[in-house]
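Letters A, B, ... mirror the listed sequences (proteins, then strands); counts begin at 1. Keep in mind that the numbers below use all heavy atoms, side chains included, and drop hydrogens, waters and symmetry copies.
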Amino acid sequence: MVGFISLFQQAVVFGTIIMFGAVGEIITEKSGNLNLGVPGIMYLGGISSLIGVFFYENSTDNPSKLVCALIAILCAFLAAALGGLIFSFLTITLRANQNVTGLTLTIFGSGVANFFGGSLNQLSGGVGQLRVPATSDAFRTQLPGLSSIGGAVGKMFFQYGWLAYVAIVVAILAQVFLSKSRAGLNLRAVGENPATADAAGINVTLYKYLATCIGAGISGLGGLYYVMDFTQGKWANDGTVESLGWLAVALVIFTTWRPKNAIWGSYLFGILYWVYMYIVGISRASQELFKMLPYVVTIIVLIFISLRKKRENQPPEALGLSYFREDR
Amino acid sequence: MENNIAVSMKHITKAFGTKVVANKDVSMDIRKGEILALLGENGSGKTTLMNMLSGIYHQDSGQIFVGGQEVHITSPKDAYDLGIGMIHQHFKLVDVLTATENVALGMDKKKAKNNRVIAKAIEDICSKYGFDVDPKKKVYNMTVSQKQTLEIVKTLYRGANILILDEPTAVLTPQETDKLFAVLRNMKADGKSIIIITHKLHEVLAISDRVSILRKGEYIGTVQTSEATVQSLTEMMVGQKVELDIERPEIEDKQLRLSVEHLTCLDKYGVTALDDVSFDAYGGEILGIAGISGSGQKQLLESIAGLQEAQPGSSIIYFNPETGEKEQIIGKNVTQIKKMGVALSFVPEDRLGMGLVGTMGMTDNMMLRSYKRGHSIFADRKAPRDLANKVKDELEVMTPSIQTPVRRLSGGNVQKVLVGREIASEPTVLMAAYAVRGLDINTSYTIYHLLNEEKKKGTAVIYVGEDLDVLLALCDRIAVLCDGKLNGIVDGRTVTKEEVGELMTHLKETEVTADDGSNA
């Protein structure tokens, strides 16, 4: 039981990162844009928040936690949305191939992040010396009141930094937006059949731009959570963010493009990813095999979906295609 | 008289790129409360002209007046705001959404209502004009006719007073067409202006008040339908007198080529699509296949082509003209059938899906048929290039070059490329599904001529058609399918249109109960 609780805790922390990534990507993909730049965008979000708070904390003697959190979130969201804007401009306005652009954005994001991450490490006197204590503290603040609940339930559900709960709220909001709101309906139409949306008087370009930029911004919060909560304000050039980004993309498929499924799906991915730690007596080599589990599950889900042939579970029909009104 | 004009287009010109001028100095009026037919051959610019009214394109020069006011329609939304709605050939519906959600798409915030209110409004419109739409049904579960109805309802819900229908009957059965026309007349009586784009002359005569004719992007004129005849309209449309009789040479020496026995197939949902069908096809004749769309034509052709799995007990025997041997086709795939020496050509219904690769040019598409003939690892482009040029010249394919992706060509030209390629492979059995669908009259005659040439060469031609007049004029025998069953084979020279029509709609077999079930 103790083993499971700590596995669950690890899974939630891990899952929160990819939940942000996946929910953002779902919104992007619902507009018909397949942005494979999620890892790069999470990199951008992570490094920008770190840069922002690094300079803030170094400029004052007594940094305010609230300001730290605001700067971090703002920097992460805007930098990631900027990544989405680059993607949008290239694929929507210039109609570049989405797959190539997305993969390039991943390489770009990781390059930018690791370049500036190295600089930050140098500025603070070497690898591992980087500290943003106030911000890290701010993000590790737990929910007041609830965090004092003891026992297994308290440990499993109420002892995380508040951003973990924000992720759930964002996922629920995204779900409500997509399935209940008029703008969500329009957005789905854009991703399914842009020509139809266009003929219905929906501004396809605007919807695609907004969904991609906002979606990227949300994905970027995953990078923020990784940097501030998961690694506690440190920067390492180890490529973890990238593998998390790809897991987020896999999670989008796993959820069948429904944000509500991302909530439990991300934790399930976390459990599958960390379960090797709790299996006694496996070698290092087999550990790596176990880390493959989330992808295996995604493939099984894909097979299951394709066997059921339900149209609602399919990706948006125009996913990955650029739209040009006068195209014949 | 002036205030009777709903829309007035003046000196409209639109070009795509520098070479293709789709509309040249077109001026025409649409009156209130009339049904105007817009008639023209393929590529005459009918759809382009209407797309400018509906905001898909914007004219290069010229003016549009709605209700006497000059307007600038730069987006479909502008068109909607002016009360102009267009029902496109390819329906603008989102498959995974319900009817109601599709209607609600893109509504202004001010007008946005909840889905229950919209569903109610849909039902009101339906009862007013005589439509039948289930607001909760998902579009992917709808038939083509239901989708079209939903499109019209959607347009009406948005307050359209001017409706443009782009070839609305192309995908409908005769009964569905009648229903559509009844609804259009109701809307006309309600004061709506309706523009119907078509090239079916008898429909023009049946439904419209006036006819405007376009030819090669230019406006030719407008006539009162009551004063028009098939002959006069055809002349205005093509600019030259078209031979209305299709030749039908009689071939004495007919050879048994294909013998289909007890062919039964399931469709992709596991429902019996073709039920115990038996017939023979002879070299030197054109066998027509008639039937309401979806009666099993697709499965029939595809099982002969080796693309469709047949149920046990089915048999298709091919009589090889060279060796005289009988060979079973069932159970063999396309390559094996080809190896047996069966020279089948198949002009499928879905041209850019099954027939051609849209993003490749004519040359490369010609190669698709011949790539196995190559002997080295390098592609030999010379022969296919020559063939492409030959097809382009002989069938008058309008394309900037034979390298231009066929996706960019108009529907009729795509069809010409496909038919030209199939005939060039010198088949012993040629199957063509809806070979003239969407083609103008001139091109259709070219295709009929090509089929007849094949017939004279001793090819067994199987022609699936939808236009009964053509089937009756072109085919030696006509096999009529009804709900997956063969409902009779008739002589194309003696049978009447009514007889075929009845065979298409009523199973003459004794199984009355099955008949009822299928027509319900």
Subject >> Options B:Leu93, B:Val94, B:Leu97, ranked by heavy-atom pairs under 4.5 Å with chain A, top entry >> reply: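 Ranked by contacts with chain A, first place is B:Leu93.
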**OP:** Count the heavy-atom pairs under 4.5 Å between each of B:Gly85, B:Ser75, B:Pro76 and chain A, then report the option with the highest count.
**Re:** B:Pro76
At a heavy-atom distance under 4.5 Å, which candidate from [options] has the highest pair count against chain B?
options: A:Arg188, A:Glu317, A:Glu192; value: A:Glu192
options: A:Asn203, A:Val190, A:Asn186; value: A:Asn186
options: A:Gly201, A:Ala197, A:Ala200, A:Pro316; value: A:Ala200

Heavy atoms only: give me the nearest [X]-[Y] pair and the separation to one decimal.
X: B:Lys154; Y: A:Thr196; answer: NZ-CG2, 4.5 Å
X: A:Phe177; Y: A:Ala183; answer: CE1-CB, 3.7 Å
X: B:Lys92; Y: A:Ala199; answer: CD-CB, 3.9 Å

Original post:
Tell me, side chain or backbone of A:Gln314 under 4.5 Å from chain B's heavy atoms, or both, or neither?
Top reply: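 No part of it gets close to chain B.
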Original post:
Hey, are B:Thr47 and B:Asp166 close enough side-chain-wise for a donor-acceptor pair under 3.5 Å?
Top reply: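 Present: a donor and an acceptor within the cut-off.
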Original post:
If you measure only the distance, is there a donor-acceptor pair under 3.5 Å linking the side chains of A:Asn33 and A:Thr212?
Top reply: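 There is such a pair (donor and acceptor under 3.5 Å, judged by atom type) between the side chains of A:Asn33 and A:Thr212.
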Original post:
Are the aromatic ring centres of A:Tyr209 and A:Phe89 under 6.0 angstrom apart?
Top reply: no
Original post:
Are A:Trp264 and A:Phe254 an aromatic pair by the rule of ring centers under 6.0 Å?
Top reply: yes
Subject >> Those residues of residues 136-144 of chain B, ordered by number, that approach chain A below 4.5 Å (heavy atom to heavy atom) >> reply: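 From residues 136-144 of chain B, the residues near chain A are B:Lys138, B:Tyr140.
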Subject >> Spacing of OG1 belonging to B:Thr48 relative to CE belonging to B:Met50, to within rounding of 0.5 Å >> reply: 10.0 Å
Original post:
Considering the options A:Phe20, A:Tyr273, A:Phe269, A:Tyr267, which one meets the ring-ring contact (aromatic ring centres under 6.0 Å, His included) requirement together with A:Phe14?
Top reply: A:Tyr273
